[in-house]
Participant: 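I am attaching a structure below and will ask some questions about it afterwards.
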Amino acid sequence: MQIKYPGIFFLLLSIYVCMVSLKLDLGTLHKPGSGFISFWSGIFLGILTLIMLVQDIWFNKAIRAEEKKEKIHWKAVFLTLSALFISILIFERLGFIISTILFVGFLFKFIEKKGWFVTILASLLMTFASYYIFRVWLQAELPKGILGF
Amino acid sequence: MESLNSLLNGFSVVFSLTNITYCLIGCLLGTLVGVLPGIGPAAAIALLFPTAMRINPIGAMIMLAGIYYGAQYGGSTTSILLNIPGEATSVVTCLDGYQMARNGRAGPALGISAFGSFIGGTLAIMGLVLLAPLLASAALKFGPPEFFSLTVMCMTMVTYLSRGSFIKALMMVPLGLILATVGMDPHTGTFRFTYGTLTLKDGLGIVPIVMGLFGISEVMINVGTPIHRTFLKTKIKNLFPSLKDWKNSKFPILRGTLLGFILGALPGMGLSSTFLSYAFEKKLSKHPEKFGTGVIEGVAGPETCNNASSQAAFIPMLSLGIPTNVIMAMLLGALMVYGITPGPLLLRDHPNLFWGLISSMYIGNVVLLVLNLPLIPVWVQILRIPYSYLFPAILIFCIIGSYSLNNNIGDVIVMAVFGVVGYLMKRFDFEAAPLVLALILGPLLEDNLRQALLISKGSFKIFFNRPISASFLIVSMLIVISSLLRLRPPKKLREENGNSNNSQIH
């Protein structure tokens with residue numbers, strides 16, 4: 001795996017954290033301020049990222065080239081994550097039952113490529129089983145949404 | 001004698017119908033998640049966290065602890081029958097356990113693993129009863145410098161013992177500390193990194209982050225690279241090991257207990273202990289060449305070791321308030337949610353919780369032994385549930401779990417974001433454990449650092465003038481220096497890689 005992408009991300013993150021921490025007030029050694037820990041953590045993270053990048057560029061090139069690339073189903077990962085985020089967005093608006101049926105149905109139909117019968121049956125069963133366990137049995141609060149329960 | 005009386009008092013706490021039920025649920029759930037590859041005790045505890053917070057603290061801790069040590073029992077089943085470790089600590093069990101199953105000895109392998117786990121777990125609890133109160137009373141003398149240095153040492157050790165690159169693991173510590181600062185500064189009341197959002201003003205919740213890093217990311221990994229399970233078609237018989245098996249296993253079990261107990265109490269050593277146990281047994285064996293072909297010593301030693309180590313991990317958590325692994329960090333987080341301060345004062349202020357939890361482990365070990373062996377056929381059937389039906393359920397539980405914490409959709413978003421972060425971390429070989437540990441210990445570290453600097457009027461000498469604090473820091477420094485000196489891969493490895501590349505080019 002190319003390490004330069006996380007490397008660049010962590011470098012930018014450490015710079016950002018240090019800048020925000022400076023605004024928060026570092027305080028003094030006698031009385032450290034609110035930004036003290038985050039500032040020094042940012043510096044530490046930046047230094048370590050640089051070490052990682054140098055180590056990677058200078059020493060590990062040969063080893064990295066040897067790494068075997070495993071086959072990743074990126075489409076499945078992307079679709080699952082997208083479905084997760086969309087279901088979170090509609091979770092409170094549509095309520096637990098509708099959003100979960102849609103979410104599970106999507107996973108069964110488009111990730112697992114199941115037939116409509118299995119998709120509908122499994123999504124209904126999973127949704128109502130989890131509703132029963134968490135809402136009825138454990139009395140957890142779940143969004144009611146448009147159904148009102 | 002005092003410990004014995006307190007322990008008996010602990011038993012009286014556990015022997016209520018409610019607490020026994022929580023112990024039973026915890027042990028069963030633990031075994032279940034141990035059996036199922038793709039969901040570990042960390043994710044299971046994260047999932048049950050919000051539910052556990054609705055019950056009393058003693059019951060909740062009994063149940064969550066049961067999940068942890070129950071998973072150690074369950075983890076071996078998949079190692080032996082499928083050659084897939086249910087838990088990281090059961091990796092080494094695959095070596096001889098699976099071979100024993102292939103040779104038609106799945107029963108004795110599963111049996112010795114359950115009995116070994118019981119013996120190791122029970123003996124380790126005895127050690128816990130003796131050691132934890134002593135350590136707690138010694139820790140009462142600790143001040144801010146000692147707690148700061150101890151926190152630093154704990155984070156360094158966990159980082160040092162992480163798999164893969166030390167630098168990458170070490171990077172997760174400042175990242176965790178930065179995340180720990182999100183929210184209101186308790187000293188000044190200033191909001192840090194909150195961007196005006198209500199969810200962030202309360203700080204980043206441990207539960208949504210852990211659910212994301214361990215639960216969601218694990219699902220993503222399995223969706224991206226599906227596990228292909230091959231069931232070994234073998235009849236499970238003779239679950240009770242024969243006299244010969246016992247004869248061969250008795251010393252590995254005792255050595256495994258001792259090794260697991262010592263290493264389990266040290267930060268980050270739990271996983272390594274099983275590998276060390278296996279290496280020890282191989283070294284001490286009269287027939288080391290047979291290791292890997294299905295010898296019972298190769299199962300008895302590591303399996304005992306991982307249970308002893310899981311019980312010993314409670315020693316620093318209960319007596320010092322210092323978690324030695326992610327699960328302990330989560331249990332610590334659970335205590336904090338209840339407003340209970342873990343550490344040396346736990347024993348004095350909440351003796352019922354302290355001794356009740358320890359007593360529940362004795363009962364839990366008996367429950368696991370009694371239930372596990374007869375239930376093995378059931379676990380095998382559960383293993384046949386396709387992952388395609390499991391992962392939507394895990395995702396639903398994650399959403400419900402994080403939402404029902406505070407009925408706040410913000411927590412669910414945090415969980416999903418950290419799911420993506422966790423997935424990318426796994427892909428790029430960054431370990432989540434040091435991050436979670438730093439996130440949980442961050443407030444403790446910051447508070448003690450600031451207090452120590454206030455006391456010393458800004459002088460860092462305070463950390464080195466006090467012998468206990470200095471020794472913790474020296475250990476940390478030695479760990480960092482020794483790791484940094486080994487930054488460059490061994491020359492032999494580099495040469496081998498260089499040669500293989502050259503050969504490919506030609």
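Quick note on labels: first sequence line is chain A, next is B, and so on, each numbered from 1.
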Participant: Measuring from atom CG of A/Leu48 to atom CD1 of A/Ile43, what distance do you get when rounded to the nearest 0.5 angstrom?
Facilitator: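 Here the rounded value is 11.5 Å.
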
Participant: Check whether A/Phe78 gets within reach of chain B through its side chain, its backbone, both or neither, counting any heavy atom under 4.5 Å.
Facilitator: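 Neither part, no heavy atoms under 4.5 Å.
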
Participant: I'd like to verify something: which residue of B/Ile216, B/Leu445, B/Thr190, B/Ile413 has the highest number of heavy-atom pairs under 4.5 Å with chain A?
Facilitator: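 The answer is B/Thr190.
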
Participant: What pair of heavy atoms forms the shortest contact from A/Ser123 to A/Thr127, and how long is it?
Facilitator: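 The pair with the smallest heavy-atom distance is O-OG1, 2.6 Å.
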
Participant: Please find the pair of heavy atoms, one from A/Asp25 and one from A/Gly27, that lie closest to each other, and give the distance.
Facilitator: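 What the structure gives for the nearest pair is OD1-N, 3.0 Å.
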
Participant: Take the angle between the ring planes of B/Tyr403 and A/Phe91 and call it parallel below 30°, perpendicular above 60°, tilted in between.
Facilitator: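 Plane angle over 60°, so perpendicular.
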
Participant: Would you say CZ of A/Phe117 has more than 12 non-hydrogen atoms from neighbouring residues, nucleotides or ligands within 6.0 angstrom?
Facilitator: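 Open.
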
Participant: Quick one: of A/Ile133, A/Leu29, A/Leu24, who has the most non-hydrogen atom pairs under 4.5 Å with chain B?
Facilitator: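 The option with the most such pairs is A/Leu29.
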
Participant: Find the one option among B/Ala438, B/Gly419, B/Gly189, B/Pro392 whose heavy-atom pairs under 4.5 Å with chain A are most numerous.
Facilitator: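 That would be B/Pro392.
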
Participant: Side chain, backbone, both or neither: which part of A/Leu84 has a heavy atom under 4.5 Å from chain B?
Facilitator: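 The side chain, not the backbone.
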
Participant: Heavy-atom pairs under 4.5 Å with chain A - which of B/Asn407, B/Leu177, B/Thr188, B/Thr181 has more of them than the others?
Facilitator: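 When all of B/Asn407, B/Leu177, B/Thr188, B/Thr181 are compared, B/Asn407 has the most.
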
Participant: Against chain A, label B/Tyr389 side chain, backbone, both or neither, depending on which of its atoms sit under 4.5 Å from a heavy atom there.
Facilitator: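 Both parts, heavy atoms under 4.5 Å.
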
Participant: Which heavy atom of B/Phe397 sits nearest a heavy atom of B/Met211, and at what distance?
Facilitator: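 Residues B/Phe397 and B/Met211, closest heavy atoms: O-CE, 4.5 Å.
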
Participant: With under 30° as parallel and over 60° as perpendicular, where do the rings of A/Tyr131 and A/Phe128 fit, or are they tilted in between?
Facilitator: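 Geometry flag for A/Phe128 against A/Tyr131: perpendicular rings.
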
Participant: For chain A, which of B/Ser388, B/Ala393, B/Gly176 has the most heavy-atom pairs under 4.5 Å?
Facilitator: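 When all of B/Ser388, B/Ala393, B/Gly176 are compared, B/Ser388 has the most.
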
Participant: Name the region of A/Tyr16, side chain, backbone, both or neither, that has any atom closer than 4.5 Å to a heavy atom of chain B.
Facilitator: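 Contact with chain B is through the side chain of A/Tyr16 alone.
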
Participant: Kindly compute the distance separating CD (B/Glu431) from NZ (B/Lys426), expressed to the nearest 0.5 Å.
Facilitator: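 Output value for this atom pair is 9.5 Å.
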
Participant: With only heavy atoms counted, which part of A/Ser38 is less than 4.5 Å from chain B, the side chain, the backbone, both or neither?
Facilitator: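 Both the backbone and the side chain of A/Ser38 come within 4.5 Å of chain B.
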
Participant: If you count heavy-atom pairs within less than 4.5 Å of chain B, which of A/Val20, A/Leu89, A/Ile37, A/Thr100 leads?
Facilitator: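 That would be A/Ile37.
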
Participant: Against chain A, work out which of B/Met220, B/Met172, B/Lys168, B/His187 has the most heavy-atom pairs shorter than 4.5 Å and name it.
Facilitator: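 If we count pairs closer than 4.5 Å to chain A, B/Met220 comes out on top.
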
Participant: To the nearest 0.5 Å, what is the distance between OG1 on A/Thr49 and CG on A/Leu13?
Facilitator: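 If I round to the nearest 0.5 Å, the distance is 8.5 Å.
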
Participant: Return yes when atom NZ of A/Lys75 has more than 12 non-hydrogen atoms of other residues, nucleotides or ligands closer than 6.0 Å, and no otherwise.
Facilitator: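 No, the 6.0 Å shell around NZ holds no more than 12 heavy atoms from other groups.
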
Participant: Sort A/Ile111 into side chain, backbone, both or neither according to what part of it lies under 4.5 angstrom from a heavy atom of chain B.
Facilitator: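 Just its side chain gets close to chain B.
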
Participant: Between B/Ile55 and chain A, with a heavy-atom cut-off of 4.5 Å, which part of the residue counts as in contact: side chain, backbone, both or neither?
Facilitator: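 Contact with chain A involves no heavy atom of B/Ile55 at all.
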
Participant: Which region of A/Phe39, side chain (C-beta onward) or backbone (N, CA, C, O), has a non-hydrogen atom less than 4.5 Å from a non-hydrogen atom of chain B, or is it both or neither?
Facilitator: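 The answer is neither part of A/Phe39.
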
Participant: Under 4.5 Å from any heavy atom of chain B, what part of A/Glu112 do you find: side chain, backbone, both or neither?
Facilitator: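 For A/Glu112, the side chain is the part near chain B, not the backbone.
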
Participant: Measure the OG-CG distance between A/Ser130 and B/Leu395 for me, rounded to the nearest 0.5 Å.
Facilitator: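 So the OG of A/Ser130 and the CG of B/Leu395 are separated by 12.0 Å.
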
Participant: Please identify, among A/Gly35, A/Ser14, A/Gly33, A/Ser87, the residue contributing the most non-hydrogen atom pairs under 4.5 Å to chain B.
Facilitator: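 Counting heavy-atom pairs under 4.5 Å, the top option is A/Gly33.
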
Participant: Counting heavy-atom pairs closer than 4.5 Å to chain A, which one of B/Ala180, B/Cys398, B/Ser456, B/Gly458 comes out on top?
Facilitator: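 Most heavy-atom pairs under 4.5 Å with chain A: B/Gly458.
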
Participant: What about B/Phe428 and A/Phe10, are their ring centers closer than 6.0 Å?
Facilitator: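 Ring centres of A/Phe10 and B/Phe428 not closer than 6.0 Å.
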
Participant: Under 4.5 Å heavy-atom distance to chain A, tell me which part of B/Met425 shows up: side chain, backbone, both or neither.
Facilitator: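 For B/Met425, there is no contact with chain A at all, as no heavy atom is under 4.5 Å.
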
